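What you see is a predicted model; the values in this text were computed from it and never measured. All heavy atoms count here, side chains included; hydrogens, waters and symmetry mates do not. So you know, we letter chains A, B, ... as the sequences are listed, proteins then strands, and number each from 1.
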Amino acid sequence: MAREIAKAYEPQQIESHWAEFWVKEALFRADVNAPGPVFSIVIPPPNVTGSLHIGHMLDHTEIDILTRWHRMRGFNTLYLPGMDHAAISTQRVVVRQLAEKGIDYRKLGREEFEKRVWQWKQESGGKITEQMRQIGESCDWSREKFTLSPELSRVVREVFVRLYEEGLIYRGHYMTTWCPVCRTVLSDLEVVHEERQGHLWHIRFPVVGTKEFLVVATTRPETMLGDTAVAVHPADERYKHLVGKKALLPLMNRKIPIIADEMVDREFGTGAVKITPAHDPNDFEAGRRHKLPEIDVMTDDGHMNGAAGAYAGLDRFEARKKIVEDLKAQGLLEKVSEHVHAIAICERSKTIVEPRASTQWFCKMKTLAEPAIAAVERGEIRMVPENRREEYFNWMRNIRDWTLSRQLWWGHRIPAWYCAEHKHVTVAREAPAKCSTCGSGDLTQDPDVLDTWFSSGLWPFSTLGWPEKTADYEKYYPTSLLITGYDILFFWVARMIMLGIHFTGKVPFRAVYLHSLVRTASGEKMSKSKGTGLDPVALNQQYGTDAMRFCLASMAAPGTDIVLTDDKLGSARNFANKIWNAARFLFLNLDKFAHGGTTLEELAAPEVRTKAPYGLNGTVPLIDAWLFARLAGTIETVNDALSNYRFHEAAQSVYQFFWGDFCDWYIEWVKPELQSVDRERAIVAWKNLFAAFDAALQLLHPFMPFLTEELWHQSPQRPGAKSIALDKFPEAQANWKNAGALEDFGLIQEVITALRNIRAEMKLDAKRKVAADCVVQNPYARDLIQANLEPIRHLATLSEFRFPSISLNPSVGVMRSTPFFELQIAFGEGVNKQAEIARLKKEIERLEKDIELKRERTQDQDFINKAPKHVVENLGIAMVERQIEQKKLKDRLAQLEKGS
RNA sequence: GGGCGACUAGCUCAGUUGGUUAGAGCGCUCCCCUCACACGGGAGAGGUCAAAGGUUCAAGUCCUUUGUCGCCCACCA
């Protein structure tokens, strides 16, 4: 039964096959009744508008690695998938699409528009979950959730009503931030600040009844149309005499009071400030203090409105230009100075936002924040990397009320109704029949929807059935872990903690791992909807999903951002190919070997030869004891690293084990043994090879699920098993640990490397077999080397490996030595003496410096007295070793020079 | 205006609690298409750990200052 196995790993077909298999077999469906400790994780719900971008790829890779790892270790595991309705960005997408078809969404009307969005969601909203299936995420698809589903909307209303009844949600008229492109109010978090070079316009306000001017400085001249006062500091001598008088607002010819207020900074600008209560947060407060009228001069889309007099209808920036021109023409522009200031920009539309007083729904955050701060302080939620804690505390301690309402159509409609007669508010879980205050039946629901993060804030418990005490909720809440990017720490993580504790009395997750962001080569953040990023789907096609996963994992050091490049993906792809080819070697040779009559099952039944303590008598070969000791160490490192979200360390460790240890040394070492005429011996070799390979596949599976699943199925073992994903993660056996074997094999490796080094430096033909001599003083080391004579000869391409009883004569060949052994290849084999002389000189000099440093230290009384004993001892030993080595080299050099 | 992080090999980055000779991948040099793999094998070169002080017997690692870069938070017109 000779097999056909491709020479290079071709991931495409294999991936789609197993992706389909995992979904079809519903392998990852969680069972509340299954045994084992619980590991539950909910996905950071991607936007329904989205397709898989590189940030998701990282998120999802990390989540899936940990999920698969836990599952294989016997945890009752749930990975719950889902999507976010993403109020503002979804609305933007659909509005744009309609506009492309020449349809104005406002003309459609709300009901029709919502219908179109749902329709759109039906058609293309599932893209990202489809991609998640393709990349093999081990989700429980039967539990998939959507934030705007009827089921979760119920939870949203429940929470809203409860918070309202507790007095934590209120409606009021305050200063808010308005985006003229999105045409909605935003929360603080949706606004980003950017330093820009701007201007400070100094404008003359004539003081009524005098010839004086009061000069005010502003960065936004267009807002002056809504000015209702000018303020100076009460103690400012320059202006004291003007307080109480009126100023004439230029262009509008409105008389406005000159007031005194402590808020004014005498040092800034002219020390006089125009007050625009409707368009500036400070001015809003001042307006309240001084009972000033509030004049909103803008429309929802950033044009000047009817209150703006002659400027009505102009775009806000057009209006600014015109106003400046007009002021100049009237001689009222004192001067213009350069001014650097931070301007506020809508995170989504990138337009400059406007401070604007409006009536909105808010949530009081202080009371919610306190227990959320405490939970992290007490360590009930572990935050990784830890330095993010400070950021979290800082934000939470200075938290401000959350603007909940949005002037959008797509989202959770606010469950508040107003009666026609008195505008009484009725907040209810379901549409009420009459006003709760006056009993009127003429009710209208609030047109606004909730900030999309309101429903995402409930995600860990809303998805598990809360407020009902469902089996899922009881079993899987609190979730074990949250993995997401640090860019949404405040948007999402903090709010989940606050709302989770408030409503369930428990933290929503035991740990938060905030991962790195993936950046472009130029260091720019690749984020949702930006379009700057690499396309992971295309890259997965090109390199393989496993390679992508492994690449991301191996770069995902906590706290550092990732720059993904082709060469890195390429090397991960090479690793996948290496694994594939190691398997190919196993399978092809196994087939050949099996013709001898031994069944595959027999060969594959693991029988690790490390049960007895390994020794030189041959009962347990050194190579096996060494490999399984390395395996044990690798398992330990991987487990430890993954427990601490150190993906890069886990990946690196398994990479080194597979490539460096298993392929480069173990396979090469046992190759001759596998073909041995001694069939018993060969069978045992095969069993060990398989046992190690099997463990390696399991170890690799969380990182590279497709490749390992494929190879696991191609392996001849375990009849009846369904998937490696349900197999066990390898556990290090107690008798695998073997410090002696590690050390002893290390010596053998040194011998082989030293021999190869001579060959390479002396430019010997790589294929030419040469004779070498070896002198070992230490009897144990000599026995060890002699016991492994055959493999050494094979791996170092030697014709003969001799152990002369007399010491070696440096004048007859090139040598290498360590404290344990001396090796020599004679000049007759074609080596260059002069090159060796030069090398020796350099080496002696290097040792000289090293010895000198060590000598100084060993003579330092402070060091001897204060450093730990073992450090002092080790240093002494090291120095003596160096001295001996140097002496040898000097002798050798002397003899070589004498001979030449 | 506050707060945080980074600076280690040509490039991209690791480096847990301070302790012999600071690691990896890619790139580079030399040799090899050996019957798993050239997406490979073997052997190498390459670093005064941004700078200056300090603590310590001992500093890439701890402290201070400086420089360069990046990020977050912040209602100064």
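- When the side-chain nitrogen and oxygen atoms of A:Arg756 are compared with OP1 and OP2 of B:rG41, none of them lie within a distance under 4.0 Å.
- The A:Asp664 side chain lies nearest to B:rG42 when the options are B:rC30, B:rG42, B:rC39.
- Put simply, the side chain of A:Tyr239 does not reach to within 4.5 Å of the side chain of A:Ile258, judged on heavy atoms.
- A:Trp659 has no side-chain polar atom (N or O) that falls below the 4.0 Å cut-off from OP1 or OP2 of B:rG40.
- In terms of phosphate contacts, A:Lys767 brings a side-chain nitrogen or oxygen within less than 4.0 Å of OP1 or OP2 of B:rC33.
- Using a 4.0 Å cut-off, no side-chain N or O of A:Ser571 falls inside it from OP1 or OP2 of B:rC39.
- Taking only side-chain nitrogens and oxygens, A:Lys671 comes nearer than 4.0 Å to OP1 or OP2 of B:rA36.
- To the nearest whole angstrom, the two P atoms, one in B:rU16 and one in B:rG60, are 13 Å apart.
- Within the structure, a side-chain polar atom (N or O) of A:Lys578 is placed less than 4.0 Å from OP1 or OP2 of B:rG41.
- Side chain of A:Ala557, nearest nucleotide from B:rA14, B:rC39, B:rC37: B:rA14.
- Only A:Asp850, A:Lys854, A:Arg857, A:Asp860, listed by number, bring a heavy atom of residues 850-861 of chain A to less than 4.0 angstrom from any atom of RNA chain B.
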Nucleotide by nucleotide, nucleotides 71-77 of chain B touches protein heavy atoms under 4.0 Å in the pattern (B base, S sugar-phosphate only, - none) --SBBBB
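- Taking only side-chain nitrogens and oxygens, A:Lys7 comes nearer than 4.0 Å to OP1 or OP2 of B:rC37.
- Note on A:Asn757: a side-chain N or O is less than 4.0 Å away from OP1 or OP2 of B:rG44.
- Taking atom P on both nucleotides, B:rC37 is separated from B:rG44 by 25 Å, rounded to a whole Å.
- Ring geometry for A:Phe693 versus A:Phe658: interplanar angle of 30 to 60°, hence tilted.
- Base pairing in RNA chain B yields stems of at least 3 consecutive Watson-Crick or G-U pairs, both distances under 3.5 Å, namely B:1-7 with B:67-73, B:10-13 with B:23-26, B:28-32 with B:40-44, B:50-54 with B:62-66.
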